[in-house]
Asks: 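Starting off with a structure, shown below.
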Amino acid sequence: MTELSISTRAGVFDAIEAGPPESRPVLLLHGFPQTGLAWERQIAALAAQGYRVVAPDQRGYSPGARPERAEDYRMNLLVDDVVAITEELGWSTFDLVGHDWGGAVAWWTADAHPGRVRTLTVVSTPHPGALATDLRTDADQRERSHYMIDWRDTPATEERMLAHDAQLLRALYAGKVPQDSVEAYIRHLSRPGALTAALNWYRAGRPAGSIGTIEVPTLYVWSTNDRAFGPAPAHGTGRWVEGPYRFETLQDVSHWVPEEAPDALNRLLLEHLRTHG
């Protein structure tokens, strides 16, 4: 794996890359509070099978693409970043993989640009339509998602998360993420402006417009010990996919699937890519 800088009109995105340059491209989108490093095990597995893999640090996580205003983190701009990054890489089509917030961006990108996304794989994050429905109708999911309101409405969130050697931020990883990765994330998000930029994803407001059903071949992987996303939207996601759909549940695995269950996720991901080559 090597480091890469990707220049776009929105700024310069830092990224990790691996695999043969001219082979089938795969873009990996991380979530909060992580960076492209979250996909380390997936990058290695995909590159070993001959895929070209790029995992960028998304808007706000890359210092060169870190606007100050919360409204500059709206979903349409995050989707535009995906398009700009892949255009700069010379990818007319690509396989798209996302986890957590990266999963949300992946859903919206596949909806907006089905001709560019060859396959979609989303880990943890249900389809936004399914999630919106259950935020209205399912008390369990409303309780699980309440932290999003706290982080959006509390100006002192950054101070609380970074206090006492980032004790609260460290607790989010729940002991399921490798310690060296946790230390790398803490260093990254402790830099001036970095955590505010990451939290601006929550503060940007609801996406403009609505998302439809997904047409591209889709793999959705959910885990039973995910504290953020419950069973209702997970099982309801299939109603929002019109293309070939595969739903996989990982038992007794937390929200941090790429790091906690890398072998299981890699197997599912590679099977999905091979099936829809």
Side-chain angles (χ1 to χ4, degrees), residues 3-17 27-40 54-85 88 98-106 108-109 125 145 147-174 177-208 228 255-256 258-259:
E3 296 181 352
L4 175 69
S5 293
I6 305 169
S7 297
T8 73
R9 286 181 294 179
V12 180
F13 291 87
D14 301 329
I16 302 170
E17 63 173 338
L27 189 74
L28 305 173
L29 303 178
H30 69 85
F32 177 88
Q34 299 182 288
T35 66
L37 179 65
W39 297 109
E40 184 175 23
V54 173
D57 294 349
Q58 295 197 78
R59 178 177 291 234
Y61 294 85
S62 287
R66 184 176 290 163
E68 295 183 0
R69 303 183 308 168
E71 55 264 39
D72 289 327
Y73 293 82
R74 290 187 180 274
M75 184 57 69
N76 64 303
L77 298 175
L78 304 175
V79 171
D80 288 346
D81 289 344
V82 173
V83 174
I85 287 170
E88 183 64 25
H99 172 249
D100 189 79
W101 262 115
V105 176
W108 283 91
T109 302
T125 314
S145 297
Y147 71 92
M148 298 185 189
I149 299 174
D150 292 340
W151 293 353
R152 184 172 67 238
D153 294 342
T154 306
T157 300
E158 291 89 331
E159 294 180 7
R160 291 192 293 108
M161 285 188 171
L162 293 176
H164 308 295
D165 191 28
Q167 181 178 358
L168 181 57
L169 192 57
R170 292 177 187 276
L172 295 178
Y173 305 109
V177 175
Q179 191 59 38
D180 56 347
S181 295
V182 170
E183 297 303 327
Y185 300 147
I186 297 299
R187 287 194 301 271
H188 190 92
L189 293 170
S190 296
R191 294 166 184 157
L195 184 54
T196 295
L199 288 167
N200 277 343
W201 286 55
Y202 295 92
R203 297 165 176 165
R206 295 180 178 179
H255 178 74
W256 309 105
E259 291 108 331

Asks: In terms of relative ring orientation, are Y202 and W101 parallel, tilted or perpendicular, with 30° and 60° separating the classes?
Replies: perpendicular

Asks: For S181 and V177, indicate whether the former's side chain and the latter's backbone hold a donor-acceptor pair under 3.5 Å.
Replies: no

Asks: Hey, are H30 and D100 close enough side-chain-wise for a donor-acceptor pair under 3.5 Å?
Replies: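 No, no side-chain donor-acceptor pair sits under 3.5 Å.
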
Asks: Hey, does the side chain of R74 reach the backbone of A204 with a donor-acceptor pair shorter than 3.5 angstrom?
Replies: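 Yes; at least one donor-acceptor contact below 3.5 Å.
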
Asks: Any donor and acceptor pair, going by atom type alone, linking the side chain of R66 with main-chain N or O of G60 inside 3.5 Å?
Replies: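 Yes: the side chain of R66 pairs with the backbone of G60.
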
Asks: So, do T157 and D150 sit near enough that their side-chain heavy atoms are less than 4.5 Å apart?
Replies: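 When only atoms from C-beta onward are counted, D150 and T157 do not touch, as no gap falls below 4.5 Å.
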
Asks: Could you tell me if T8 and E88 have a donor-acceptor pair between their side chains, going purely by distance under 3.5 Å?
Replies: no

Asks: Determine whether L169 and R160 satisfy the following criterion, side chain to side chain contact (heavy atoms under 4.5 Å, CB included), listing intermediate values before the conclusion.
Replies: CA-CA 8 Å; L169 192 57; R160 291 192 293 108; over 6 Å; no

Asks: Any non-hydrogen side-chain atom of H188 less than 4.5 Å from a side-chain atom of Y185?
Replies: no

Asks: How long is the gap from CG on L29 to CG on L27, to the nearest 0.5 Å?
Replies: 5.0 Å

Asks: Please examine the side chains of I186 and V182, heavy atoms only from C-beta on, and report whether any two atoms are closer than 4.5 Å.
Replies: yes

Asks: Count the heavy atoms belonging to other residues, nucleotides or ligands that lie under 6.0 Å from CD of E71, then report whether that count exceeds 12.
Replies: yes

Asks: Do V12 and P63 have side chains that approach each other closer than 4.5 Å (heavy atoms only, starting at C-beta)?
Replies: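 No, side chains not in contact.
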
Asks: Can you check whether L162 reaches S190 side chain to side chain, under 4.5 Å on heavy atoms?
Replies: yes

Asks: State the CG-CE distance between D81 and M75, to the nearest 0.5 angstrom.
Replies: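 Interatomic distance, D81 CG to M75 CE, rounded to 0.5 Å: 11.0 Å.
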
Asks: Would you confirm whether R170, through its side chain, and M161, through its main-chain N or O, come within 3.5 Å as a donor-acceptor pair?
Replies: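 Not at all, since once roles are kept as given, no pair shorter than 3.5 Å links the two residues.
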
Asks: If you apply the rule ring pair (Phe, Tyr, Trp, His ring centres under 6.0 Å), what do you find for W201 with F32, and how did you get there?
Replies: CA-CA 9 Å; W201 286 55; F32 177 88; 9.2 Å; no

Asks: Can you find a heavy atom in the side chain of T35 that is under 4.5 Å from one in the side chain of I16?
Replies: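 T35 vs I16: side chains apart.
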
Asks: Starting at CZ of R152, measure out to OH of Y147 and round the result to the nearest 0.5 Å.
Replies: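 It comes to 11.0 Å.
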
Asks: So D72 and E68, do their side chains get closer than 4.5 Å, heavy atoms only?
Replies: no

Asks: Verify the distance criterion only: is there a donor paired with an acceptor across the side chains of Q34 and Q58 at less than 3.5 Å?
Replies: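 No, no side-chain donor-acceptor contact under 3.5 Å.
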
Asks: Keeping the roles fixed (side chain from S62, backbone from D57), state whether a donor-acceptor pair exists under 3.5 Å.
Replies: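 Such a contact is found between S62 side chain and D57 backbone.
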
Asks: Rounded to the nearest 0.5 Å, what separation is found between the CD atom of E158 and the CH2 atom of W151?
Replies: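 So the gap between those two atoms works out to 11.5 Å.
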
Asks: Please confirm whether the backbone N or O of L189 pairs with a side-chain atom of Y61, one donor and one acceptor, at under 3.5 Å?
Replies: no

Asks: Classify the ring geometry between W39 and H99 as parallel (under 30°), tilted (30 to 60°) or perpendicular (over 60°).
Replies: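 Taking H99 first and then W39, their aromatic rings stand perpendicular (interplane angle over 60°).
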
Asks: Do you know the tightest heavy-atom contact between P56 and A15?
Replies: CA-CB, 3.6 Å

Asks: What is the minimum heavy-atom distance between A197 and Y73, and which atoms define it?
Replies: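 Between these two residues, the closest heavy atoms are CB-OH, 3.4 Å.
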
Asks: V105 and V79: which non-hydrogen atoms are nearest, and at how many Å?
Replies: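 Taking V105 first and V79 second, the nearest heavy atoms are O-CG2, 4.2 Å.
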
Asks: Report yes if the side chains of N200 and R59 come closer than 4.5 Å at any heavy-atom pair, otherwise no.
Replies: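 Side chain of N200 against side chain of R59, heavy atoms only: no contact under 4.5 Å found.
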
Asks: How many angstroms lie between atom CG of N76 and atom OG1 of T109, to the nearest 0.5 angstrom?
Replies: 11.0 Å

